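Below is one structure, written out as structure tokens; the observations come after it.
The structure presented is a predicted model; accordingly, all values stated were derived computationally and were not measured. When a ligand or atom number is given, it counts from 1 through the structure's own listing order.
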Amino acid sequence: ELSEKTIQTVKSTVPVLAEHGEAITTHFYQRLLSDHPELKNIFNMTNQMAGRQPRALANAVYAAAQYIDNLSAIEPVLNQIAEKHRSLNVKPEHYPIVGEYLLLAIKEVLGEAATDEVIEAWGEAYGAIAHTFIKVEQEKYQNTSTQEGGWIGYRNFKVIKKVKESDVITSFYLESEDRQSISSFSPGQYITIKATIPGSEYTHLRQYSLSGAPGKSYYRISVKREDGENGQPAGIVSSFLHQQLQEGDVLPITAPAGDFSLNNESSAPVVLISGGVGLTPMLSMLMNMVDQGSERDIYFIHASHNGRVHAFKDDVDQVEKQVSSVQTKVLYSSPTDTDDGYDKHGHIDLDWLKSTVPHDAEFYFCGPEGFMRAVNRSLKDWEVPEEKVRYEFFGPELSLN
Ligand code: HEM
């Protein structure tokens with residue numbers, strides 16, 4: 001229990017910290033990782049460099065501090081982070097380490113204002129936030145381990161099939177090396193893979209949405225090769241998976257996680273909207289509904305550059321042919337001469353949505369950041385109720401507003 005004074009002290013310093021948020025956390029990470037290089041095996045070093053992870057963590061800490069006397073008010077946010085942490089195998093003993101460096105950074109930014117009283121208050125507040133995460137995460141580890149086919153931490157899976165789905169996307173079919181049962185999942189969920197890459201000092205963890213329907217003896221992920229454009233380096237993990245990982249190789253993974261999932265309680269029409277490789281969770285949802293013989297009207301909408309990079313075209317076309325309740329629409333932003341069968345509109349906006357899908361549907365979307373902003377904006381302008389809109393970010397969650 002935090003005292004009223006502690007709560008007030010923390011809340012009153014949140015605005016100052018929020019203002020310097022990224023400076024704090026960027027610095028914090030540099031120190032944390034230089035003093036504890038073993039954590040480089042866990043944190044995504046690419047996101048560190050892009051500053052995305054520091055921003056996500058900073059936002060979460062300030063949000064939590066703002067609600068320090070009522071953390072249940074931000075439960076969905078905490079839950080989403082806890083899912084990610086569970087998937088990454090974050091453990092209680094990590095929290096004091098992170099806390100120590102966060103406090104150091106806060107002290108530095110506040111300068112003279114960082115009296116003993118303020119620092120003590122933040123120490124207590126961090127303790128309370130960490131305690132909440134640890135508790136929620138322990139429950140998740142518990143659930144994961146008691147579930148049929150479930151496990152805690154990393155389990156070795158073998159690549160039983162590697163399939164090229166487009167010029168840039170390749171699927172990996174993963175079967176447990178021990179051939180024992182594997183836990184089911186909700187379509188929309190992801191797994192973490194641990195890649196050991198020749199020539200790289202640390203392991204690399206990455207999340208990939210499961211792209212197939214649940215209920216199989218294997219998991220499937222479908223990975224876009226990040227070639228590195230606009231001055232960005234090529235993706236170290238995606239390049240490894242595409243170029244080096246072969247059938248028969250082993251990949252350690254954690255059990256499926258994530259709060260983005262298909263609402264199976266509802267019979268409302270479903271609109272699945274994806275941009276680029278954001279189609280992977282949507283494909284899982286589509287195939288799951290088809291497997292279940294769902295009677296819902298399903299709209300599968302996919303935006304892509306052109307036919308060369310458009311993955312799973314044949315699979316989705318086939319579903320549309322076989323299942324009368326499924327309609328698909330494809331939009332190409334830069335079609336090539338050989339492309340056909342796509343909507344000439346080129347991109348998704350409000351008018352296009354209005355003319356294509358019903359207003360009373362549930363909407364799910366995933367894709368690049370700009371794409372997601374545009375879709376979110378359109379759905380807001382169309383006054384689709386918030387509870388009917390769900391989305392997934394690849395990478396640290398950013399605000400869409
Ligand atoms: C991801 C918050 C403690 C490791 C995240 C994200 C947030 C967050 C907001 C991004 C979630 C997303 O991807 O949507 C926090 C807060 C903490 C905390 C508020 C303390 C109260 C820890 C600890 C560890 C950890 C103790 C363990 C070393 C990670 C890792 C990621 C992550 C590895 C994935 C992103 C990346 O690799 O760059 N956390 N976290 N976090 N967190 Fe935490």
Side-chain angles (χ1 to χ4, degrees), residues 10 14 17-18 21-22 24-26 28-33 35-68 71 74-103 105-106 122-138 140-141 153-154 188-195 202-209 235-237 254 257-260 366 369 372 391-400:
V10 166
V14 166
L17 293 170
E22 286 178 44
I24 295 185
T25 38
T26 305
F28 145 78
Y29 268 110
Q30 280 163 3
R31 264 213 202 146
L32 172 72
L33 295 175
D35 288 359
H36 290 273
E38 75 280 5
L39 293 179
K40 292 184 181 172
N41 289 304
I42 301 182
F43 283 100
N44 179 335
M45 301 309 287
T46 306
N47 283 349
Q48 302 311 322
M49 286 186 274
R52 290 204 298 174
Q53 173 56 22
R55 203 170 336 162
L57 191 126
N59 289 342
V61 170
Y62 305 135
Q66 204 90 61
Y67 288 90
I68 191 67
L71 284 175
I74 51 167
E75 208 232 280
V77 182
L78 297 185
N79 187 58
Q80 185 190 33
I81 299 168
E83 282 287 316
K84 182 73 63 82
H85 283 161
R86 202 286 284 146
S87 169
L88 287 154
N89 210 27
V90 169
K91 289 294 171 64
E93 58 268 28
H94 290 131
Y95 280 87
I97 306 174
V98 165
E100 184 189 332
Y101 288 85
L102 196 63
L103 272 195
I106 286 176
W122 268 96
E124 283 181 42
Y126 177 82
I129 297 167
H131 176 79
T132 304
F133 273 114
I134 290 169
K135 208 173 71 187
V136 174
E137 287 160 19
Q138 287 304 86
K140 293 183 188 295
Y141 283 110
Y154 288 90
Q189 288 193 304
Y190 54 80
I191 56 168
T192 292
I193 68 156
K194 187 198 283 186
Y202 301 102
T203 58
H204 299 264
L205 311 185
R206 289 293 184 281
Q207 286 78 46
Y208 294 103
S209 296
I236 178 167
V237 177
T254 59
D259 67 343
F260 179 62
C366 182
E369 192 183 333
M372 290 187 56
Y391 55 79
E392 174 81 330
F393 264 107
F394 287 167
E397 167 98 33
L398 301 167
S399 171
L400 277 187

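Of all the atoms in ligand 1, the ones that sit under 4.0 Å from a non-hydrogen atom of Leu88 are 30 (C), 31 (C), 33 (C), 34 (C). Atoms of ligand 1 lying under 4.0 Å from at least one heavy atom of Val61, given by number and element, are 19 (C). The ligand atoms of ligand 1 that sit less than 4.0 angstrom from a heavy atom of Ile129 are 21 (C). Under a 4.0 Å criterion applied to the non-hydrogen atoms of Val90, ligand 1 contributes the atoms 4 (C), 23 (C), 24 (C), 25 (C), 27 (C).
Considering backbone and side-chain N/O of Lys84, one or more are found under 3.5 Å from N/O of ligand 1. Below 3.5 Å of separation, one finds no N or O of Gln80 facing any N or O of ligand 1.
Remark: the backbone N or O of Ser87 is paired with a side-chain donor or acceptor of Thr192 at under 3.5 angstrom.
Of all N, O or S atoms in His85, the one lying closest to atom 43 (Fe) of ligand 1 is NE2.
Remark: Leu71 CG to Ile68 CD1 distance equals 5.0 Å, nearest 0.5 Å. A distance of 10.5 Å separates CZ in Arg206 from CG in Leu88, rounded to the nearest 0.5 Å.
Ring pair Tyr126/Tyr95 is tilted by interplanar angle, where 30° to 60° counts as tilted.
Taking Pro92 as the reference, Ile134, Gln138 meet the side-chain contact (heavy atoms from CB on, under 4.5 Å) condition, with sequence neighbours excluded.
Side-chain contact between Glu83 and Tyr190 is present, with at least one heavy-atom pair separated by less than 4.5 Å.
Of the listed options Thr192, Leu205, Val98, Leu78, Val98 places a heavy atom closest to atom 23 (C) of ligand 1. Within the set Phe43, Phe133, Tyr126, Phe393, the minimum heavy-atom distance to atom 29 (C) of ligand 1 is found for Phe43.
Lys91 NZ: more than 12 foreign heavy atoms inside a 6.0 Å radius.
Using a 4.0 Å cut-off between heavy atoms, Ile81 contacts ligand 1 through its side chain alone, with no backbone atom that close.
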